[in-house]
Each structure stands twice: as C-alpha cells, then as structure tokens.
2 protein chains.
Amino acid sequence: MKAPWITYRPELKVLDCTIRDGGLINDHQWDEKFVKAVYQTCVDAGIDYMEVGYKASKKLFARNKFGDWKFCDEDDLRRVVGDNDSEVKLAIMADAEKCDYREDIPPKDQSVIDVVRVATYVHQIPTAVAMINDAYDKGYEVTCNLMAVSTVQEPELDQALEVIAASPASTVVVVDSFGSLYAEQIEILVKKYKSYLNGTGKEVGIHAHNNQQLAFANTIEAIIHGANRIDATMGGLGRGAGNCPMELLIGFLRNPKFRLRPILKLLEEYIEGLRKTVEWGALIPYVITGQLNQHPRSAMKWRASENKNKFVDFYDSCVSEE
Amino acid sequence: MKAPWITYRPELKVLDCTIRDGGLINDHQWDEKFVKAVYQTCVDAGIDYMEVGYKASKKLFARNKFGDWKFCDEDDLRRVVGDNDSEVKLAIMADAEKCDYREDIPPKDQSVIDVVRVATYVHQIPTAVAMINDAYDKGYEVTCNLMAVSTVQEPELDQALEVIAASPASTVVVVDSFGSLYAEQIEILVKKYKSYLNGTGKEVGIHAHNNQQLAFANTIEAIIHGANRIDATMGGLGRGAGNCPMELLIGFLRNPKFRLRPILKLLEEYIEGLRKTVEWGALIPYVITGQLNQHPRSAMKWRASENKNKFVDFYDSCVSEE
C-alpha cells in the first residue's frame with residue numbers, strides 16, 4: 001500500500017462556517033471586527049467558501065434580539081466584505097420553514113453572496129426543494145444540508161436522496177448534527193449519498209460535530225470515501241461541542257493552495273480570547289448526548305446552569321424514562 | 001452492510017494508564033487519594049488493567065524529586081490497592097535503559113503487580129528483550145510497547161517485530177507517541193503487527209495520543225483491524241495532548257461488563273478539578289508538533305512559558321531550519 005494521504009484531490013473544496021455555526025452559541029452577536037478577521041483569514045488561507053450566517057425570517061425572529069449574522073442583510077455583508085474582491089465564495093444558510101426565501105433572498109446579481117445552503121430535516125424535504133429551486137432560479141450555487149441524519153430511518157433517507165438528486169442542488173451534505181456517528185457509519189452514508197448522485201455531477205459534502213472528538217476523524221473518513229465539499233470552523237468554534245477544526249483539516253490536506261499559518265494567527269488573535277465569553281468543545285455533557293444520539297440542547301442548558309459539572313446527574317437525566 | 005459497532009469482542013481488554021501517563025505531566029506527584037479513586041473507578045467500571053506508574057531507576061532519578069508513582073515500590077502500591085482483591089490486573093511500565101529491572105522488579109509472587117509493560121525505542125530492542133525475558137521469568141504477564149513508531153523506518157520496524165514476536169511478550173502495542181498518525185496509518189501498522197504475531201497467540205495493542213484529536217478515532221480504527229489491548233485514560237489525562245479518553249472508549253464498547261457511570265463520577269469529582277493545576281489536551285502547540293511528527297517536548301516547554309498562546313511564533317520555531 002502506498003500513502004494516499006500525502007497527495008491531494010484538486011477538486012476538494014473547503015467551506016468555513018465559523019461565523020454561521022458559531023453564531024448558534026451567541027445568537028449571532030459577533031463583533032464586526034471578528035467577522036472581518038475570519039473573512040481575511042479565509043482569503044489568506046486559501047479557503048474556498050465562507051458561510052457568513054443565516055437568512056432567518058424576520059417574522060419569526062425579532063431583528064433586534066439577534067446579531068446581524070442571523071439575517072445577513074446585504075448592507076451588513078458589504079460592510080465586512082465590500083464587493084468581495086477575492087477568491088473566496090460567500091455562502092448563507094437558509095433553514096427550511098425558518099426563512100422567507102422568496103422575499104429575503106435577492107437575485108444573485110443583486111447580492112455579494114454566491115451560495116445558498118438549504119438546511120432541512122427529512123420531514124421538510126418538499127419545502128427544501130422549493131427553496132433549492134428558488135435559489136437556483138435566482139442564479140445561486142445551491143447545496144442541500146440534510147440535518148440530523150443519524151436519526152433518519154433508511155427508507156426515508158433513500159427517498160429524500162432520490163428527491164434531492166433530482167433537484168438543482170449541486171452538493172448534498174452528510175450532516176452529523178448530534179456528533180453521534182462513528183467512522184464506519186460515515187463511510188456507509190457517504191457511499192449511499194454518492195450512489196444516489198452518481199452520474200449527476202453533484203458532490204457529497206460533510207459537516208461533522210465534535211461531541212465524541214470524532215469531527216476531524218469523520219471528516220477524513222468522508223474525504224477518503226469521496227466527499228469533496230468539506231465544512232470546518234476556526235478552532236472548531238460552533239454550537240455545543242463545535243465542529244471539525246479548520247487547523248486540523250488544513251494540516252491534513254496537502255493541496256499547496258491551503259495555508260495553515262493565517263489560521264494559527266486567527267486562533268492566537270481572536271479565537272483563544274473568545275473562550276472567555278463563549279463556550280464550545282467536547283465537554284462531557286456533549287459527549288453524553290453524542291453517545292446517546294440526542295440533540296445537544298439539553299447539554300447546552302446543563303452547561304448554562306450551576307450544575308454544569310455534575311456529569312452523573314446529567315447522564316442520569318439523559319437516560320431516565322421520564 | 002450490518003452494524004458491527006453495536007456488537008462486541010469478549011477478548012478485547014482495556015488498560016487504564018491515567019496515573020502512569022498522566023504522571024509525565026507532574027513528575028508523578030499524584031495525591032494518594034486520587035490514585036485510589038482511579039483504582040476504585042477501574043474496579044467499578046469493569047476496566048481490565050490499571051497501569052499505576054513506572055519502575056524507574058533510583059540511580060538515574062532522585063527518589064525525593066519525583067512522586068511515588070515513578071518508582072512503584074511495593075509498599076506504596078499496597079497502601080493504595082491492598083492485596084488488590086479485585087478483577088483489575090495491575091501493571092507497571094519499565095522503560096528500556098531507565099529501569100534497574102534485575103534488582104527493582106521482584107518475583108511475581110512477592111508483588112501485587114500482574115503485568116510488566118516494557119517500553120522501548122526501536123534502537124533499544126535488545127535491552128527490551130532482555131527486560132521482557134527477565135519479567136517473564138519472574139512470573140509476570142509482559143507486553144512490549146514500541147514507542148514513537150511514527151519515526152521508525154519500515155525495515156527497522158520489520159526487524160523489531162520479528163524479534164519481539166519471538167520473545168515471551170504476550171502483547172505488542174502500536175504506540176503513536178507524537179499523536180501524528182492518521183487512521184489509514186494505524187490500519188497499516190495494526191495489520192503489520194498482526195502479520196508478525198500471526199500464529200503466536202499474541203495480541204496487538206494500541207496506545208494513541210490526542211494531538212490531532214484523533215486518539216479515540218485511531219483507537220477505534222485499531223480495534224476494527226483487530227487490536228484487542230486498548231489503552232485509555234480518564235478524561236484523556238496524559239502528557240501534552242493527552243490520551244484516548246476512557247469515557248469515549250467505554251461509550252463505544254458494547255461489552256456489558258464495562259460501565260460508563262463510575263467514570264463520569266471520577267471525571268466530576270477529580271479530573272475537572274485537576275485542570276486548575278495541570279494542563280493537557282489538544283492545544284494548538286500540540287496540534288502543531290503532531291502534524292509535524294515531532295516529540296511534544298517543545299510544545300510542553302512553550303505552554304509553560306509566557307508565550308504559551310503565541311501559536312504563530314511556535315509554528316515558525318517548529319518549521320525553522322535553525
């Protein structure tokens with residue numbers, strides 16, 4: 001056997017979702033300076049895409065209760081990226097049933113955004129497909145992020161993939177929302193997604209969470225089995241246990257266009273300091289929900305309480321019958 | 001494909017090396033109460049082996065400069081474990097060239113220790129084999145931990161494995177000392193070790209470090225490919241980036257004899273508190289040495305300095321030509 005890990009696939013592209021996924025920790029209240037720094041880091045490090053935030057419905061979410069990056073109004077975006085005179089493509093996430101996409105997503109030629117990532121649970125697939133079509137027709141590159149796949153029954157997943165494969169989404173992302181999947185499961189899922197997309201030219205993506213300290217390992221596993229669209233965040237910043245850390249991913253990828261040093265600079269200048277005000281990482285309550293394939297919301301609540309280090313009580317509450 | 005990860009191999013055994021590997025952080029100055037708590041946790045959690053410390057040479061290391069667990073005198077051991085009236089087997093580590101094994105390791109019938117783990121670099125193999133023979137002749141179960149395998153050239157590794165396979169060591173451990181190996185490399189190594197041990201009844205072990213947050217993932221990978229002797233530590237405690245966290249490993253293993261709850265209790269009552277006085281985990285300097293396949297000693301020094309969060313300077317120092 002040779003050593004495939006010291007070569008690279010030119011078609012593999014990396015997406016930074018630091019600001020978007022990290023925004024789930026603090027209601028998207030990121031300092032503009034930080035958002036600019038992440039953007040500049042993406043430019044300097046050769047990252048392919050940066051996801052800036054959500055396009056959330058202002059009917060569902062009060063504009064003044066959340067930071068700008070929950071809504072990604074065009075003016076706010078341009079304050080940070082100007083006309084985005086860079087190689088980095090910009091993405092926003094649009095959640096099924098939480099986005100007034102017809103009104104709030106402008107035609108591509110009126111926006112600095114390049115990619116719309118439609119996030120959906122399996123029961124929302126028809127809504128998601130309508131959103132995918134809308135964004136595609138407006139001129140965007142579109143992806144479909146099928147969330148919480150670890151809780152989806154196989155016949156439903158097969159049906160969903162068939163429908164998404166027929167849509168104009170150019171990437172379908174394997175999303176381990178609860179950080180519960182092991183590498184063998186990632187392999188099965190990536191192969192399944194690929195089989196449904198076979199011949200369409202569409203790519204498989206991976207979005208891993210770090211509850212069991214497997215986000216990076218599962219991302220590598222997905223890459224080995226052919227995923228070419230890879231999500232990561234600076235320092236692993238993200239809700240709960242956080243995401244696949246960009247500094248690990250870029251250390252692994254061998255494409256010389258990627259550069260580690262700008263990422264280390266961001267970690268030093270911004271991410272370390274954030275730990276004083278926001279918390280993320282594979283802390284024990286997140287480990288437990290990951291092991292149990294549960295949504296991390298109970299763990300987030302626990303970590304916000306005075307009992308945050310009462311691991312046994314939290315475990316008991318997660319496995320209780322009540 | 002079915003789901004092999006929800007079954008288990010009865011022959012798979014787990015070794016806790018919290019006190020031994022963790023002792024490399026603080027010169028083995030562990031409070032006796034903590035050592036007792038780890039021991040009791042191993043008993044309660046169904047762990048197969050507990051490694052208590054080193055048998056270090058008192059000629060090389062001053063007895064009063066290190067904690068008891070660097071020497072593991074019989075009296076000190078028995079203060080903690082009594083006659084070890086439990087299912088847990090006790091292990092000590094003996095480093096090649098750092099252990100006066102002939103004098104300091106008593107015959108098995110005079111010791112509460114069950115297992116001697118001989119740790120060796122590849123250039124010390126003849127010394128290690130002499131130590132393995134000595135411990136075996138004294139009545140112990142013996143393992144061989146070939147350290148820093150990520151820096152060993154393949155012909156040397158082949159030669160070493162041939163020699164160890166002919167020795168009375170019953171387990172040979174794949175040791176990723178620098179936390180630099182990816183899962184594909186673990187697969188290659190485990191398969192190689194197995195091929196050399198084929199037909200001897202000897203087992204392959206895995207000892208992973210967490211520099212790239214891959215300790216748990218690499219441990220799973222080793223298990224998939226047949227490793228049946230698994231090292232882990234409570235909370236991942238260990239030098240530098242630390243080890244494969246026991247709470248993740250036990251969450252993954254499906255043998256009902258293992259229990260997670262006592263481990264969570266130890267984490268809550270002891271391990272969290274330790275973070276105030278000792279540091280371990282996949283911090284950026286350890287990530288960098290792992291990526292570069294370097295010993296973590298430069299990163300440990302850096303973390304002990306006032307520049308500990310100057311990641312870019314540390315990176316530059318690691319890749320400089322000087």
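Below, chains carry the letters A, B, ... as their sequence lines are ordered, and counting in each starts from 1.
- With a threshold of 4.5 angstrom between heavy atoms, B:L260 approaches chain A through side-chain atoms but not through N, CA, C or O.
- Side chains of A:Q212 and B:F252 form no contact here, defined as non-hydrogen atoms less than 4.5 Å apart.
- Scanning all heavy atoms of the two residues, the minimum distance from A:N211 to B:L248 falls at O-CD2, 4.4 Å.
- Distance check: A:Y315 OH to B:I263 CD1 gives 10.0 Å after rounding to the nearest 0.5 Å.
- For A:N218, no part lies near chain B; criterion is any non-hydrogen pair under 4.5 Å.
- Here CZ of B:F311 is found 10.0 Å from CD1 of A:I271. Values are rounded to the nearest 0.5 Å.
- Taken from CD in B:E272 to CG in A:N309, the straight-line distance is 4.5 Å, to the nearest 0.5 Å.
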Could you go step by step and tell me if B:V312 and A:E269 meet the side chain to side chain contact (heavy atoms under 4.5 Å, CB included) rule? CA-CA 10 Å; B:V312 176; A:E269 294 179 355; over 6 Å; no
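- Of all the heavy atoms in A:Q291 and B:G251, the pair that sits closest is NE2-CA, 3.3 Å.
- Going from atom CG of B:L181 over to atom CH2 of A:W5 covers 9.0 Å, rounded to the nearest 0.5 Å.
- Across all non-hydrogen atoms, the minimal contact from A:E268 to B:K310 is OE1-C, 3.3 Å.
- B:E184 contributes atom CD, which lies 8.0 Å from atom CD of A:E221 (distance to the nearest 0.5 angstrom).
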